[in-house]
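Heads up: the structure comes next, in structure tokens.
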Amino acid sequence: MAASISRTPAGTGIEGLTIRPARQADVASVLELWRLAGAPPSSTEDAPGLGHLLAHDPDALLVAERDEELVGSVIAAFDGWRGALYRLAVLPRHRRRGVGRALVAAGEHRLRARGVRRIGVLAIPAATGAAELWDAVGYEPDPRVVRLVKDL
């Protein structure tokens, strides 16, 4: 299912913002965006890993652009059972302007269109503004869940 490009309407406070699925040519820019946004890639978040994501689910990685500059990203993934949002990142100079909210809304729209009824979010609580943003868009902590990881 190909995601469409969405342009925000005038008067929303985020004029000129385009959200679209990332392309293979965007991979290096997305990795750099994560670094600049203070969310450096982990050992598994690299060019081959993002290439694999795009090959497996070409519309999962959404990017936000303004004036031809990549200013934000989110991964809206669906495993066939549950939806998840990962790696919401916005360049610091573009924060508090609606970019994060627009990316979350685009990710939710994508997942809803695929039949997702519940979305989980992986967020770094110490990230500046992260908890406030997720609260503002309606997500609540789930104290029953602990994230465990293992690199292979």
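Please read all numbers here as calculations on a predicted model, not as lab measurements.
- Here R118 contributes atom CZ and L111 contributes atom CG; the two are 14.0 Å apart, rounded to the nearest 0.5 Å.
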Give the C-alpha distance, both sets of side-chain angles, the deciding distance and a yes or no for salt bridge (charged side-chain N to carboxylate O under 4.0 Å, His left out) between R35 and E32. CA-CA 5 Å; R35 284 184 202 83; E32 181 63 12; 3.5 Å; yes

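- Closest heavy-atom contact between P92 and A37: CD-CA, 4.0 Å.
- V30 has its side chain within reach of V63: a pair of non-hydrogen atoms, C-beta onward, lies under 4.5 Å apart.
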Start with the C-alpha gap between V104 and V121, add the side-chain angles, then the distance that decides, and say whether side chain to side chain contact (heavy atoms under 4.5 Å, CB included) holds. CA-CA 10 Å; V104 170; V121 170; over 6 Å; no

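- One finds the CG atom of L62 at 9.0 Å from the CG atom of L85 (value rounded to the nearest 0.5 Å).
- Between the CD atom of E140 and the CG atom of D135 there is a distance of 8.0 Å, given to the nearest 0.5 Å.
- Here the OG atom belonging to S29 is positioned 10.0 Å from the CZ atom belonging to R23, to the nearest 0.5 angstrom.
- Counted within 6.0 Å of CZ on R96, heavy atoms from surrounding residues, nucleotides or ligands total 12 or fewer; the atom is thus considered open.
- Counting heavy atoms from C-beta outward, R82 and R117 have side chains that stay 4.5 Å or more apart.
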Donor-acceptor pairs under 3.5 angstrom involving side-chain atoms of residues 45-57: please list them, not counting sequence neighbours.
residue : atom : partner : partner atom : Å
E45     : OE1  : S42     : N            : 2.8
E45     : OE1  : S42     : OG           : 3.2
E45     : OE1  : R87     : NE           : 3.3
E45     : OE1  : R87     : NH2          : 2.4
E45     : OE2  : R87     : NE           : 3.1
D46     : OD1  : G49     : N            : 2.8
D57     : OD1  : R110    : NH2          : 2.5
D57     : OD2  : R110    : NH2          : 3.0
D57     : OD2  : R114    : NH1          : 3.1

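- Rounded to the nearest 0.5 Å, atoms CG (L33) and NE2 (H94) are 10.0 Å apart.
- Minimum heavy-atom separation, Y86 to A77: CE1-CB, 3.8 Å.
- Contact annotation: the side chain of W34 approaches that of S73 to within less than 4.5 Å [non-hydrogen atoms, C-beta and beyond].
- To the nearest 0.5 Å, atoms CG (L88) and CG (L133) are separated by 6.0 Å.
- Minimum heavy-atom separation, L70 to L91: O-CD1, 3.4 Å.
- Residues G72 and L103 share a closest heavy-atom pair of C-CD1, 3.7 Å.
- Put simply, the side chain of D67 never gets that close to the backbone of E69: no donor and acceptor are under 3.5 Å apart.
- Put simply, the side chain of R101 never gets that close to the backbone of R97: no donor and acceptor are under 3.5 Å apart.
- In this view, D26 and R20 satisfy the salt bridge (Lys or Arg N to Asp or Glu O under 4.0 Å) rule, not counting sequence neighbours.
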